[in-house]
2 protein chains.
Amino acid sequence: MSQCEAHGHVKRSEPSLTKNQQLVWDVLRHASAPMSAYAILDEVRADGLRAPQQVYRALDKLVDTSLVHKLESLNAFVACAQPCCAEHEMVCFAICEACGSVDEFADDQIEQQFAEWTKRSGFVRRQTAVEIKGLCKGCAAQA
Amino acid sequence: MSQCEAHGHVKRSEPSLTKNQQLVWDVLRHASAPMSAYAILDEVRADGLRAPQQVYRALDKLVDTSLVHKLESLNAFVACAQPCCAEHEMVCFAICEACGSVDEFADDQIEQQFAEWTKRSGFVRRQTAVEIKGLCKGCAAQA
DNA sequence: CAATCCGCGTTATAACATAACAGACCAATC
DNA sequence: GATTGGTCTGTTATGTTATAACGCGGATTG
């Protein structure tokens with residue numbers, strides 16, 4: 001059971017992806033690490049996609065609908081790992097510089113602190129990117 | 001009196017920049033918005049710099065010493081606006097999508113929430129990028 | 001039936017960033 | 001004072017990431 005279902009949320013529907021969007025989404029879902037648009041392109045070439053645009057257009061849509069996130073500090077994309085992420089205003093990423101793993105998480109406390117800053121400053125938030133780089137627990141233990 | 005001096009901190013020294021670093025730093029200090037490396041290059045061409053490498057090398061150093069920050073989501077650079085930033089583990093940016101202004105801030109509460117998450121997860125943080133996009137107070141008022 | 005919107009495919013190009021090589025300078029130390 | 005190691009420099013070339021612009025076709029809808 002997913003974390004979301006455990007919380008009593010409905011399962012997010014995954015509707016109406018076009019063929020190209022579905023191809024890109026499938027690649028990302030099965031990836032073990034963030035992928036660049038061009039790495040994705042290499043994977044979907046077998047399916048007939050040939051140009052960066054085709055991948056970028058699919059990615060744009062997938063990012064819009066929050067199925068996929070862009071990691072700005074890597075210029076790479078990951079499938080959303082957090083079924084509840086549509087219900088959070090922001091999502092954070094912990095990126096291991098040793099093994100490349102990415103941990104996506106949402107934290108209500110952090111969210112709330114940002115909300116308070118927003119309130120104080122008058123800034124109207126539309127989107128937030130939080131990317132923490134360092135060593136994941138496993139890699140830190142080895143070091 | 002700067003915020004730092006008010007807090008009783010010593011003024012950060014700005015030592016030993018090389019000629020190229022100084023040129024790039026001067027451009028960024030006087031910029032009213034984040035600049036791409038190539039935009040900086042255009043500015044320092046008059047001073048004899050010709051190749052991207054020269055700018056990127058200077059930027060690398062300036063970012064290392066925290067005189068300059070990279071905005072990952074814009075692929076652009078800003079002079080550090082926060083004299084105390086060396087004393088914070090993380091710095092946040094609020095980027096106005098209407099006017100392009102960037103507000104750099106540090107928030108102890110936010111920092112602490114991240115510290116707690118770090119403790120729980122075992123992740124060893126080295127660097128954190130927080131980039132909030134939206135509308136600054138002024139632009140939000142107009143909209 | 002337009003008119004409009006959206007996605008598709010394509011070619012070309014823009015924008016961002018680094019590799020790799022060689023020379024100049026300076027400090028440390030043998 | 002020669003040698004070594006480190007850092008910065010300048011340069012050419014190349015790699016990587018992202019978008020512009022054109023035209024086509026299908027779906028929706030007024």
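Every heavy atom of this structure was used, including side-chain atoms; hydrogens, water molecules and symmetry mates were not. Order of the sequence lines sets the chain letters (A, B, ...), proteins ahead of strands, with each chain counted from 1.
- Residue pairs meeting the side chain to side chain donor-acceptor pair (under 3.5 Å) criterion with at least one member in residues 127-143 of chain B, sequence neighbours excluded: B:S73-B:E131.
- Residue B:V78 is found in a hydrophobic cluster whose other members, listed by chain and number, are B:L71, B:L74, B:V91, B:F93, B:I95, B:V102; membership requires side-chain heavy atoms under 4.5 Å apart, directly or through intermediates.
- For the helix from C:dC1-D:dG30 to C:dC30-D:dG1, the angle separating the two terminal helix axes comes to 30°, with each axis derived from five pairs and the value rounded to 10°.
- Residue pairs meeting the side chain to side chain donor-acceptor pair (under 3.5 Å) criterion with at least one member in residues 40-55 of chain A, sequence neighbours excluded: A:D42-A:R45.
- Listed nucleotides C:dG7, D:dG10, C:dT11 differ in distance to B:N20; the shortest reach to its side chain belongs to D:dG10.
- B:W117 belongs to a hydrophobic cluster with A:M90, A:F105, A:I110, A:F114, A:W117, A:F123, A:V130, A:I132, B:M90, B:F105, B:I110, B:F114, B:F123, B:V130, B:I132, counting contacts under 4.5 Å between side-chain heavy atoms of Ile, Leu, Val, Met, Phe, Trp and Tyr, direct or through other members.
- Residues in residues 102-118 of chain A take part in these salt bridge (Lys or Arg N to Asp or Glu O under 4.0 Å) pairs, two or more places apart or across chains: A:D107-B:R120.
- The distance between atom CG of B:D47 and atom C1' of D:dG10, rounded to the nearest whole Å, is 15 Å.
- Using a 4.5 Å cut-off between side-chain heavy atoms of Ile, Leu, Val, Met, Phe, Trp and Tyr, B:L135 falls into a hydrophobic cluster with A:V124.
- Between A:K19 and C:dG7, a side-chain N or O to OP1/OP2 separation shorter than 4.0 Å is absent.
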Quick test: give all pairs of protein nitrogen or oxygen and nucleotides 13-23 of chain D nitrogen or oxygen below 3.5 Å, distance rounded to 0.1 Å.
{"from": "D:dA18", "atom 1": "OP1", "to": "A:K70", "atom 2": "NZ", "distance (Å)": "2.7"}
{"from": "D:dA18", "atom 1": "OP1", "to": "A:N75", "atom 2": "OD1", "distance (Å)": "3.3"}
{"from": "D:dA18", "atom 1": "OP2", "to": "A:Y56", "atom 2": "OH", "distance (Å)": "2.9"}
{"from": "D:dA18", "atom 1": "O5'", "to": "A:Y56", "atom 2": "OH", "distance (Å)": "3.4"}
{"from": "D:dA18", "atom 1": "N7", "to": "A:Y38", "atom 2": "OH", "distance (Å)": "2.6"}
{"from": "D:dA18", "atom 1": "N6", "to": "A:Y38", "atom 2": "OH", "distance (Å)": "3.1"}
{"from": "D:dA20", "atom 1": "N7", "to": "A:Q53", "atom 2": "NE2", "distance (Å)": "2.7"}
{"from": "D:dA20", "atom 1": "N6", "to": "A:Q53", "atom 2": "NE2", "distance (Å)": "2.8"}
{"from": "D:dA21", "atom 1": "N6", "to": "A:Q53", "atom 2": "NE2", "distance (Å)": "3.4"}

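- OP1 or OP2 of C:dG9 has at least one side-chain nitrogen or oxygen of A:Q54 nearer than 4.0 Å.
- Of the possible donor and acceptor atoms, none in the side chain of A:S66 sits under 3.5 Å from a partner among the backbone N and O of A:L62.
- Whole-Å rounding puts the B:L59 CG to C:dC16 P distance at 12 Å.
- The salt bridge (Lys or Arg N to Asp or Glu O under 4.0 Å) test applied to B:D60 returns no partner, not counting sequence neighbours.
- Computed from coordinates, the B:R45 CZ to D:dG10 C1' distance equals 14 Å when rounded to whole Å.
- Contacts between residues 92-102 of chain B and DNA chain C, defined by a heavy-atom separation under 4.0 Å, are absent.
- Rounded to an integer number of Å, the gap from CG of A:L17 to P of C:dC6 is 17 Å.
- For B:L23 and D:dT9, the CG to C1' distance is 13 Å, given to the nearest whole Å.
- The two atoms that bring A:C96 and A:C99 nearest to each other are SG-N, 3.4 Å, heavy atoms only.
- Within the structure, the ring pair (Phe, Tyr, Trp, His ring centres under 6.0 Å) test picks out no pair touching residues 33-64 of chain A (sequence neighbours left out).
- Summarising the geometry, the separation between CG on B:L49 and P on D:dC8 is reported as 15 Å, rounded to the nearest angstrom.
- For the OP1/OP2 pair of C:dC8 and a distance below 4.0 Å, the side-chain nitrogens and oxygens of A:T18 include at least one atom meeting the criterion.
- Within the structure, the ring pair (Phe, Tyr, Trp, His ring centres under 6.0 Å) test picks out no pair touching residues 124-143 of chain B (sequence neighbours left out).
- Side-chain N/O atoms of A:R50 include one lying less than 4.0 angstrom from OP1 or OP2 on C:dT10.
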